[in-house]
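Below, chain A is the first sequence line, B the second, and so on; all start at residue 1.
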Amino acid sequence: MANIKLQPPRGTRDLIGEEFRRHHHVIETARRIAALYGFEEWATPIFEDTRVFARGLGETSDVVSKEMYVFQDRGGESVTLRPENTAGVCRALVSGGLTQSLPRKVFYAGPMFRYERPQAGRYRQFHQIGAEILGAAEPLADAEVIACGHHIIRELGLDEGVVLEVNTLGDAPSRDAYRAALIAHFSANRDKLSEDSQRRLEKNPLRIIDSKEAQDRALVADAPTIETFLTDAARAHWDALRRHLDGFKLPWRENPRIVRGLDYYSHTAFEFVTDRLGAQGTVMGGGRYDGLVEEMGGPPTPSVGWAAGVERLSMLLERGGLTPAAPRLVTVIPVGEAEEGAALALLQSLRAAGVAAEMGYRGNLKRRMERANKQGARAALILGEAEVSRGVAQLRDLDAGTQAEVPLAEVAARLG
RNA sequence: GCGGCCAUAGCUCAGGUGGUAGAGCGCCAGGUUGUGGUCUUGGAUGUCGCGGGUUCGAGUCCCGUUGGUCGCCCCA
């Protein structure tokens with residue numbers, strides 16, 4: 001063996017055993033629930049032309065400016081490992097000419113990549129599930145996509161530790177007016193702001209609202225809220241959304257401090273947050289993005305959606321003691337080589353009947369029993385010379401420790 | 001991109017003020033003839049993350065580096 005110690009690249013990890021089962025459970029549950037809401041699943045490429053993200057997410061957003069895995073392929077094209085999938089879905093909608101048949105509901109699941117410092121609930125390769133409703137300007141679409149997300153969280157058994165918070169970012173005119181008001185408010189007290197927030201004042205004043213710094217909080221407390229700057233259309237959308245959330249019977253609360261990081265959001269912004277994951281409290285987040293499809297070269301296509309972090313949901317499952325159990329097999333054990341043929345036949349008949357079963361490759365009866373126990377098998381089927389000659393097997397229940405002789409023809413039915 | 005803490009067997013961790021490594025679990029083999037989970041006997045395993053430095057001598061001190069972890073920024 002070479003003496004170099006190979007490890008997964010920084011910020012990536014192997015999903016094995018319990019971790020894989022949790023991960024898989026999250027995705028399968030989401031897939032099943034999304035289907036109930038009429039979402040169809042898409043799979044878009046894991047890397048795209050860099051422009052898809054640079055244009056879609058906003059050149060100045062952190063994701064684009066410092067977190068993208070960008071590289072030149074052998075043909076000299078600049079490609080990027082997707083840091084999120086909404087831009088890719090919009091690009092696919094346009095590429096495939098699907099803007100002819102709207103609205104469409106899309107679900108996806110897969111790995112995303114962001115070059116950042118790993119910490120709790122944050123990885124360089126992480127996984128997201130997501131749902132998008134493309135081509136629907138109605139607030140009802142916002143509410144339904146949120147209802148779907150909530151349903152998934154509830155189905156996973158995580159709704160107790162997770163709360164839904166919603167906010168409105170308004171439309172462009174509302175936001176511009178609000179932004180100007182915030183700049184005016186904070187500029188007057190510029191020297192009282194934290195260093196980070198002074199920088200935000202230049203780059204993204206809305207972010208100051210969301211600051212964790214104590215010194216900022218005081219100024220934020222008497223800062224204007226967007227409420228007073230909403231246009232009639234934006235207000236109507238916001239009112240209708242809240243009405244529909246109640247219509248769906250969702251528990252939610254307003255949080256005027258929700259500011260989403262990507263440039264494409266407008267109107268609705270929401271997050272499902274938890275206090276059980278340390279600094280990474282957002283488990284699912286999304287909002288409305290009415291201009292993104294146009295950025296991809298398509299027609300105006302108002303849309304709304306969310307993405308959820310599979311690792312974060314998975315961590316909540318772990319902490320809640322909700323890790324799915326490993327499947328339990330039936331183990332076939334031939335006592336000696338002479339019984340191997342009969343054992344293989346029995347093994348395949350079990351599998352054909354839909355009973356998960358396996359047979360060890362080596363070892364005497366005792367070793368095979370030990371192994372079956374260690375693997376968590378639910379039953380062992382022992383075949384010795386006497387059993388084979390009489391067409392039966394010893395069926396041992398490994399939990400109860402009871403054992404009975406069963407005709408081979410009836411074994412599968414007994415284990416079904 | 002910035003900061004705190006950490007890095008010893010497969011895993012969880014002990015190893016006062018520096019003197020060439022230990023436990024539990026796990027793993028392997030037994031406790032005679034076709035039966036696991038309990039019990040019992042014995043056994044293997046580490047270039048103490050990596051690279052320098054101080055020292056007669058470093059797992060133990062110093063520097064660097066890589067990785068992990070937690071936090072900031074930002075985000076799922």
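- Separating the P atom of B:G3 from that of B:C63 is a span of 15 Å, rounded to the nearest Å.
- Judged by distance alone, with hydrogens and angles left aside, A:N373 brings a side-chain donor or acceptor within reach of the base of B:G36, the pair sitting under 3.5 Å.
- In this structure, A:V335 reaches the bases: a heavy-atom distance under 4.0 Å links it to at least one base atom across the strands shown.
- Counted by atom type alone, A:S194 and A:D216 present one or more donor-acceptor pairs between their side chains at under 3.5 Å.
- Donor-acceptor pairing under 3.5 Å is lacking for the side chains of A:E132 and A:S303.
- Within 4.0 Å of A:R200, counting heavy atoms only, lie sugar-phosphate atoms of the nucleic acid but no base atom.
- Residue A:G11 is in sugar-phosphate contact alone, with no base atom involved, counting any heavy-atom pair closer than 4.0 Å across all strands shown.
- Taking the C1' atom of each, B:G52 and B:C11 are spaced 31 Å apart, rounded to whole Å.
- For B:G3, its base sits under 3.5 Å from the side chain of A:R117 at one donor and acceptor pair at least.
- Note on A:N364: nothing from the nucleic acid sits closer than 4.0 angstrom, heavy atoms only.
- Within 4.0 Å of A:A386, counting heavy atoms only, lies at least one base atom of the nucleic acid.
- In the model, A:S78 has no side-chain atom that pairs as donor or acceptor with a side-chain atom of A:D49 under 3.5 Å.
- A:K66 contributes a side-chain N or O that forms a donor-acceptor pair with the base of B:C73 under 3.5 Å.
- Scanning RNA chain B for stems, defined as runs of 3 or more consecutive Watson-Crick or G-U wobble pairs whose donor-acceptor distances all fall under 3.5 Å, gives the following ranges: B:1-7 with B:66-72, B:10-13 with B:22-25, B:27-31 with B:39-43, B:49-53 with B:61-65.
- Using a 4.0 Å heavy-atom criterion, one finds that A:E311 contacts no nucleic acid atom at all.
- The base of B:U35 sits with one of its N or O atoms less than 3.5 Å from a complementary donor or acceptor on the side chain of A:Q403.
- Note that A:R13 lies in the cation-pi zone of A:Y123, set by a 6.0 Å cut-off to the ring centre and a 45° limit from the axis.
- Distances from the side chain of A:Q119 to the nucleotides B:U35, B:C72, B:C74 place B:C72 closest.
- At a cut-off of 3.5 angstrom, the base of B:A76 holds at least one donor-acceptor pair with the side chain of A:R114.
- Of the candidates B:C27, B:C74, B:U69, B:C27 carries the atom nearest the A:K374 side chain, counting heavy atoms from C-beta on.
- Ion pairing between a basic and an acidic side chain is recognised when a charged N comes within 4.0 Å of a carboxylate O; A:R257 and A:E165 show no such pairing.
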| message | Run the ring pair (Phe, Tyr, Trp, His ring centres under 6.0 Å) test on A:H150 and A:F248 for me, step by step, so that the C-alpha distance in whole Å, both residues' side-chain angles and the decisive distance to 0.1 Å come before the verdict. | response | CA-CA 10 Å; A:H150 175 264; A:F248 275 110; over 10 Å; no

